[in-house]
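Working notes, beginning with the structure itself.
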Amino acid sequence: MPTEKPLDRIFEQFLAAPKIFKNRDVLRPTYVPDELPHREKQITKVGMILASALRGGTPSNIFLYGKTGTGKTVVAQYVLKHLKEKCMEFNVPVPITSYINCRIVDTSYRVLAHLCSDVGVSVPITGLPTDTVYDKFRKSLDEKGQLMIIVLDEIDQLVRKNRESANDVLYDLTRINSSLENSKVSIIGISNDLKFKDHLDPRVISSLSEEEVVFPPYTADELKDILIQRAKIGFNEGVLEYGVINLCAALAAREHGDARRALDLLRVAGEIAEREGSNKVTEKHVRLAQKEIEKDTVSEVLETLPIQSKLVLFSIYLLEKHRASEINTGDVYAVYQNLCRYLRMDSLTQRRVSDIINELDMLGLVYARVISRGRYGRTKRIKIGVPLNLIGDILEKDPRIKGVADYVPRIT
DNA sequence: TGTCCACTGGAAGGGAGGGCTT
DNA sequence: AAGCCCTCCCTTCCAGTGGACA
């Protein structure tokens with residue numbers, strides 16, 4: 001059979017291109033390296049707490065705080081990995097571990113369902129009463145007679161989205177040990193957001209954060225060390241031009257010392273260089289990578305937005321595009337209602353739109369701040385948070401939005 | 001100093017879409 | 001099939017509020 005020629009060429013070109021990466025996976029955020037520079041203190045503390053598992057004890061619950069990309073998740077995974085290894089080495093029962101990212105597993109029911117599947121019980125996606133799922137989990141865990149360490153990553157997301165039920169589940173989980181005869185549970189909670197404690201039941205806070213570990217942002221120098229370490233195993237020797245690592249570190253340090261961002265920059269810069277067929281990664285590639293990363297994350301978020309959120313965002317976009325001096329909830333709602341009328345769609349209430357604006361703010365697409373204009377009331381002052389043309393370009397791909405693309409809002 | 005605006009954001013609840021148990 | 005229970009998205013209702021203005 002003759003093969004397809006153009007594709008052949010692409011593959012061959014790829015193979016012929018100079019090899020930039022030795023192992024690109026080590027530059028991904030999920031990779032757990034053998035050493036974590038500048039996190040020795042945190043590793044020691046978490047390690048000391050979890051060590052009691054080696055003597056058959058129940059480690060205290062731990063809370064890890066710090067902004068994104070400060071190494072919370074990776075430290076937790078690193079310590080757990082080594083703990084398990086030690087358990088095997090000393091012939092101690094290896095704890096069951098469960099890692100749950102609450103941004104994805106974002107309801108109490110789903111958290112419990114996830115825990116069930118980690119102890120080998122399958123439960124339906126929906127349908128059962130939450131209590132039943134909890135009981136199933138408790139029973140089958142108790143049958144195992146083992147320690148279970150549960151990592152709840154981005155736990156603030158769970159609490160933010162369902163305050164009542166999240167409190168219930170967390171309360172139950174922190175008390176579960178008193179109803180277990182043969183097994184024990186330890187919880188590692190991870191959060192980006194310190195303020196989220198305000199939404200938690202005080203009893204949950206106290207038992208969840210028996211121990212607390214704080215992760216400060218990395219400085220530019222620390223980021224540099226991390227990048228150098230990963231670059232050694234990730235890139236072939238000599239492909240990184242002088243200054244590339246410094247630039248990645250500097251750019252990421254500007255964003256509250258985010259190591260994930262730094263690694264992404266380095267990886268994407270490498271990928272761009274590879275695509276170009278260049279045999280060196282240069283500072284120019286890093287700059288391009290920065291643009292590409294922003295564009296990718298923004299467009300992915302925008303494309304998956306539900307239509308109502310798109311319309312609200314588009315209303316804000318139109319107001320900003322036509323140079324409204326300031327944008328408030330009321331203005332947005334008025335434009336939004338007009339757009340809905342043109343599209344012959346039912347419009348949501350202002351209460352809901354107000355929430356949607358908050359959601360857009362959380363996604364980083366807009367900035368919304370509550371301000372008071374004195375006599376003229378309290379409202380949200382809203383600004384677009386990403387490049388304006390990007391929003392227009394991507395939203396107008398939606399045929400419904402395209403239908404109102406030329407709408408000109410009345411500016412007051 | 002009090003008033004009052006334009007909202008905010010909490011609380012409760014409805015109903016559609018899903019799936020369980022009996 | 002009936003009776004529950006779940007989530008998700010939304011509405012309705014309403015007390016609360018920061019600060020410009022009279």
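Here is how names work: the chains are called A, B, and so on, in the same order as the sequence lines, proteins then strands, and each is numbered from 1. Note that the coordinates shown come from a computational prediction; the quantities given were computed from them, not determined experimentally.
Between A/G374 and A/K136, the one whose closest nucleotide on DNA chain B sits nearer the 5' end is A/G374.
At the phosphate of B/dC7, neither OP1 nor OP2 sits under 4.0 Å from any side-chain N or O atom of A/K380. Contact check, A/T329 against B/dT8: a side-chain N or O comes under 4.0 Å of OP1 or OP2.
Taking atom CD1 of A/I356 as the reference point, atom P of B/dT8 lies 13 Å away to the nearest angstrom. A/R352 places its CZ atom 7 Å from the P atom of C/dC9, with the value rounded to the nearest Å. Rounded to whole Å, the distance from CD1 on A/I327 to C1' on B/dA6 is 17 Å. Rounded to a whole Å, the CZ atom of A/R369 is 13 Å from the P atom of B/dG9. Protein atom OH of A/Y333 is 12 Å distant from nucleotide atom P of B/dT8, rounded to whole Å. Between the C1' atom of C/dA20 and the CG atom of A/N328 lies a distance of 15 Å, rounded to the nearest Å. The CG atom of A/D355 sits 13 Å away from the P atom of B/dA11 (whole-angstrom rounding). Atom CD of A/Q350 is separated from atom C1' of B/dC5 by 13 Å (rounded to the nearest Å).
One N or O on the side chain of A/S183 and one on the backbone of A/L141 form a donor-acceptor pair closer than 3.5 Å. Remark: the backbone N or O of A/V185 is paired with a side-chain donor or acceptor of A/N177 at under 3.5 angstrom. In terms of modelled atom types and a separation under 3.5 Å, the side chain of A/Y78 and the main chain of A/D34 share a donor-acceptor contact.
Taking a 6.0 Å sphere around OH of A/Y407, one finds it holds more than 12 heavy atoms contributed by other residues, nucleotides or ligands.
Residue A/S372 has its side chain nearest to C/dG19 when only C/dG19, C/dT11, B/dA6 are considered. Out of C/dC13, C/dC10, C/dC21, the shortest distance to the side chain of A/Y376 is found at C/dC21. Among the nucleotides C/dG18, B/dG10, C/dT7, the one closest to any side-chain atom of A/R351 is B/dG10. You'll find that the side chain of A/R375 is closest to C/dA20, out of B/dT8, C/dC6, C/dA20.
Donor-acceptor pairing under 3.5 Å, judged by distance alone, is present between the side chain of A/R378 and the base of C/dT17. A/R373 contributes no side-chain N or O that forms a donor-acceptor pair with the base of C/dG19 under 3.5 Å.
Under 3.5 Å, the side chains of A/N328 and A/T379 contain no donor-acceptor pair of N or O atoms.
Nucleic acid contact class of A/N358 (heavy atoms, under 4.0 Å, all strands): sugar-phosphate only.
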